[in-house]
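Remarks on the structure that follows.
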Amino acid sequence: MADHEQIIEKEQVRVNKVIDSIEKQMEKLKSKTGNLKKDIVSLRKSFWDDVTVNIDDPDDVIETHASIKQQAELLGERERSHGQFHKQYKNLQRLKSSPYFGRIDFVEEGEKKAEQIYIGLFSLMDEDGENFLIYDWRAPIARMYYDYAPGPAQYETMDSIIKGEIELKRQYMIRNGRIKGMFDTTITIGDEILQAVLSGQADNHMKNIVATIQKEQNAIIRNNKKKYIVVQGAAGSGKTSAAMQRVAYLLYRYRETLKAENILLFSPNQMFNSYVSTVLPELGEDNMEQSTFYQYLQQRLNIDIENPYTQIEYVLGAKQDQAYDIRKKSIQFKASLAYKKIIDHYVKDLLTTGMLFKNIRFRGELLISKKEIYDYFYSLKQISSIPNRISLVKEWLLDKLKVVEKNERSKEWVEEERELLNKDDYLKIYRKLQKQKRFTEDTFDDFAREEQLLAGWVVKRRLKPLRDKIANLVFIDIIGLYRKFFSWAQLKLVDLKLPDEWMEIKKLTLARLATGELLFEDATPFLYLKDKIEGKHTYNSIRHLFIDEAQDYSPFQLSYLKEIFPNSRMTILGDMNQSIFTHSIHNEHAFAKSENLFPEEELERIVLTKSYRSTKQIVEFTEEMLTANHKIEPFNREGEVPTLSIVPNKSKLNENIIKKVTDLQNKGFETVAIICKTAMESHEAYEMLKEELHLRLIRKETSSFEKGVLIIPSYLAKGIEFDAVIIYNCANDVYDHEDERTLFYTACTRAMHELHLYSVGEPNDFVKSVGKSKYRKFE
């Protein structure tokens, strides 16, 4: 023990020296940023004083442009330097409290003495800039800390593999500059460190896991081998956390060529975006682009689209609806790759016949009929693709518009509109035409010339919206084409089986289209058809695409994403046991059958079976709900067994929950989630509990995640963790269908420390399937 204390004292001396170096470097940076800020302010104030402005002749204009450019570049360079110094300063601030968390002593082959390698969030050189005091966790040499126990080890540099031996692996808990814990270990993260981290409270933002990265998570973070990485991870296995650290690693590893705007994350909802928003900034990186798939659909389609959570709410709560079974069949079929192939056949048929266009009108008069457009389209070579022909049609229409523009200038409406121009409009037009060098001051006094120019301007302005619509291909009747697809004569001849309920599905779809809204299950097929007609939208600037909660994407959706991000490496993360959408629960699952979508030689699968979020007792309870043999290994963190309370009515239910929430708050839990099945149940529970508890009701529109007591629908809780979870009512008349097993499992696995279930009457079959030794029952 005395030896251990002496080692800690010696290590604390080093920590103190490192912090001293950090403080000195912070002072230097503070001085530099202060001076730079003064320079920037001075440059901004004197910008035009130092610029030579002369536009009397062309040579002077060129000189003026060069002078402005030079001054702007100087200012830009100063601002960039200020930004870099500020970033370095913020990183040093982060290091000051906890400079590093790990150390390995590595003896390189051919060397006699071990090098002590300390690992932290960022690299730190000594004040002379000669030696590393701390290595960035993403540096190649730091990989050994995560991947090797003491003994033979190696790491890869840009041009070689360095081999040697790790003599010592040590882990630290340093808070506010003091060593709170230190352990020598033979594994990556000792239980003591991980226990301390996992036993803490849930936060309103996801924590970075740099100090506790496991070897299997590191395989995700640093993977550069394959284009597609598919991660199947148990609830709480850290797959999303590993994905966020992977983004930070990529931005570090390829910092010369890769920027945050080249990376896109598709996340489950807006609240989740808020939850993960601080991870990258904590690691000194800019946040990547984030979106939900629904947001992407909204951005691309100029039509109302049903919210995916409205679809879920219908599926979970409308079982008495006469159209319920048809809707479920519709959702399942439209999610399949078979449906995608049928659309491909339809588009192939459109090469020869059947395209639909819209009449083009101007001021209520027909300019170009849809038949004229149809005839011109099919007069073009049939060997040309539909998008190529559409491009030619667009140019043809724009040329026709030029003729229309010329003919309209002499019409009476133009003269009337020209005469209604006020002085301000007149001067505005005058300046605009002068910029275009359409006349000089002398010629503008020529009345006839003036009228001609003003007439041209009036017509051009009025035709601009029409020209923009043609440029944006609004003359194609995409809605009509999708509607027509359901009555396509060749449909039954396609060598792909339609569902028996096809006629009912057709009727349901057309009825919704008539209201001007797309059902959510129709949105991706509709957009796919649009792209096949107009030309595929591809996003070549996105180099890495991350898809979280991928089990909730349909095969059709994943296949579509693969097509529109052709140059992207993809990291696809999910858990088949947490599927919440009807299309993913029933379909030939795209996530499970990923080999059908991605070439085997470009695909790597990684399976994470160890769960770190929940206590051992919660993991063992929730695992028994799963029907398939999915072995989930709990991290050895002890806690209380889950409880099941049977109550006779809603009044008693709410009374018990109020008492339980108070008890949990008294224990110091800062995030408590009351998880209901649906938004409707959440709203009802909120109304009954809000007088006694300070609550926040989470809706699908909620954009930020905050600490406190939350009431939340089951499907919005995915991806987030809470100190304690209360399942509001798990009765067998609430969760009454086998389809809801994974939804219920997902809700229960949100709990870190405690899980409490309540049931008005008999509990559901999922709870009954769990061994009675795995929970305590109260009646």
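Ring geometry for Tyr275 against Phe272 counts as tilted: the plane angle lies between 30° and 60°, on a 0 to 90° scale.
A donor-acceptor pair is defined here as one N or O able to donate and one able to accept, closer than 3.5 Å; such a pair exists between the side chain of Ser614 and the backbone of Ala751. Counting only distance, with no hydrogens or angles, the side chain of Lys239 and the backbone of Gly233 share a donor-acceptor pair below 3.5 Å. Glu624 places a side-chain N or O within 3.5 Å of a backbone atom of Gly771 that can act as its donor or acceptor partner. Put simply, the side chain of Ser98 gets close to the backbone of Ile174: a donor and an acceptor are under 3.5 Å apart. Not a single donor-acceptor pair under 3.5 Å links the side chain of Ser703 to the backbone N or O of Gln270. A donor-acceptor pair is defined here as one N or O able to donate and one able to accept, closer than 3.5 Å; such a pair exists between the side chain of Lys718 and the backbone of Gln578. With hydrogens and angles disregarded, no donor-acceptor distance shorter than 3.5 Å links the side chain of Arg543 to the backbone of Arg569. Side chain of Gln12 to main chain of Ile179: a donor-acceptor pair is present (N/O by atom type, distance under 3.5 Å, no hydrogens or angles). Judged by distance alone, with hydrogens and angles left aside, the side-chain atoms of Ser568 form a donor-acceptor pair with the main-chain N or O of Ile542 at under 3.5 Å. Between the side chain of Asn223 and the main chain of Ile220, no donor-acceptor pair closer than 3.5 Å is present.
Between Glu23 and Lys96 a salt bridge is recorded (basic side-chain N to carboxylate O distance below 4.0 Å).
A search for salt bridge (Lys or Arg N to Asp or Glu O under 4.0 Å) contacts involving Lys24 returns Asp20, not counting sequence neighbours. Partners of Arg103 according to the salt bridge (Lys or Arg N to Asp or Glu O under 4.0 Å) rule, which considers only residues two or more places apart in sequence or in another chain, are Glu11, Asp105.
When all heavy atoms of Met125 and Ser21 are compared, the closest pair comes out as O-OG, 4.5 Å. Of all heavy-atom pairs between Met271 and Ile712, the closest is CE-CD1, 3.7 Å. Contact record, Gln617 with Pro642: O-CD, 3.9 Å, taken as the closest heavy-atom pair. Heavy atoms only, all atoms of each residue included: Arg750 and Ile675 are closest at CG-CD1, 4.0 Å. Shortest non-hydrogen contact noted between Gln154 and Lys163 is OE1-CE, 3.4 Å. Here the closest heavy-atom approach between residue Val15 and residue Gly177 is recorded as CG1-O, 3.5 Å.
Expressed to the nearest 0.5 Å, how far CG of Leu280 lies from CD of Gln290 amounts to 8.0 Å. Rounded to the nearest 0.5 Å, atoms CG (Leu545) and CG (Asn567) are 12.0 Å apart. The structure places OH of Tyr745 at 7.5 Å from CD of Glu623, a figure rounded to the nearest 0.5 Å.
Between Tyr155 and Tyr148, a ring centre-to-centre spacing not shorter than 6.0 Å is recorded.
Exactly one residue among Thr671, Asp723, Val672 makes a side chain to side chain contact (heavy atoms under 4.5 Å, CB included) with Leu664. That residue is Val672. Evaluated for a ring pair (Phe, Tyr, Trp, His ring centres under 6.0 Å) with Tyr172, the options Tyr100, Phe101, Tyr145 yield exactly one hit, Tyr100.
The closest side-chain heavy-atom distance from Val641 to Phe621 is not below 4.5 Å. Side-chain atoms of Tyr228 and Leu597, non-hydrogen and from C-beta on, never get closer than 4.5 Å to each other. Taking the side chain as every heavy atom from C-beta outward, Ile134 and Ser123 never approach each other to under 4.5 Å. Within the 4.5 Å cutoff, no side-chain heavy atoms of His753 are placed close to those of Lys667. With contacts defined as side-chain heavy-atom distances shorter than 4.5 Å, the pair Gln665/Val709 qualifies. Taking the side chain as every heavy atom from C-beta outward, Arg605 and Gln232 never approach each other to under 4.5 Å. Looking only at side-chain heavy atoms (C-beta outward), Ile263 and Leu251 come within less than 4.5 Å of each other. Side-chain contact between Ile7 and Arg170 is present, with heavy atoms from C-beta onward closer than 4.5 Å.
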(request) Go through Arg253 and Arg222 one step at a time and tell me if the side chain to side chain contact (heavy atoms under 4.5 Å, CB included) criterion holds. (result) CA-CA 9 Å; Arg253 173 73 174 77; Arg222 297 178 189 257; over 6 Å; no
(message) side chain to side chain contact (heavy atoms under 4.5 Å, CB included) for Tyr553 and Ile572? Distances and angles first, verdict last.
(response) CA-CA 10 Å; Tyr553 284 71; Ile572 302 161; over 6 Å; no
(request) For Gln551 and Thr742, run side chain to side chain contact (heavy atoms under 4.5 Å, CB included): C-alpha distance rounded to whole Å, both residues' side-chain angles, the deciding distance at 0.1 Å, then the answer. (result) CA-CA 11 Å; Gln551 75 278 353; Thr742 53; over 6 Å; no
(request) May I have the step-by-step check of side chain to side chain contact (heavy atoms under 4.5 Å, CB included) for Glu706 and Ser704, ending in yes or no? (result) CA-CA 6 Å; Glu706 297 169 8; Ser704 64; 3.5 Å; yes
(message) Test side chain to side chain donor-acceptor pair (under 3.5 Å) on Gln245 and Ser241; report intermediate values, then the result.
(response) CA-CA 6 Å; Gln245 320 302 310; Ser241 296; 5.5 Å; no
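Geometrically, Arg246 does not engage Tyr249 in a cation-pi contact defined by less than 6.0 Å to the ring centre and at most 45° from the axis. For the pair Arg14 and Tyr118, the cation-pi test (distance below 6.0 Å, angle within 45°) is passed.
If you check the side chains of Asn91 and Gln88, you find no donor sitting under 3.5 Å from an acceptor.
Environment of NZ in Lys226: crowded, with over 12 heavy atoms of neighbouring residues, nucleotides or ligands closer than 6.0 Å. Atom CG of Asp286 has 12 or fewer heavy atoms from other residues, nucleotides or ligands within 6.0 Å.
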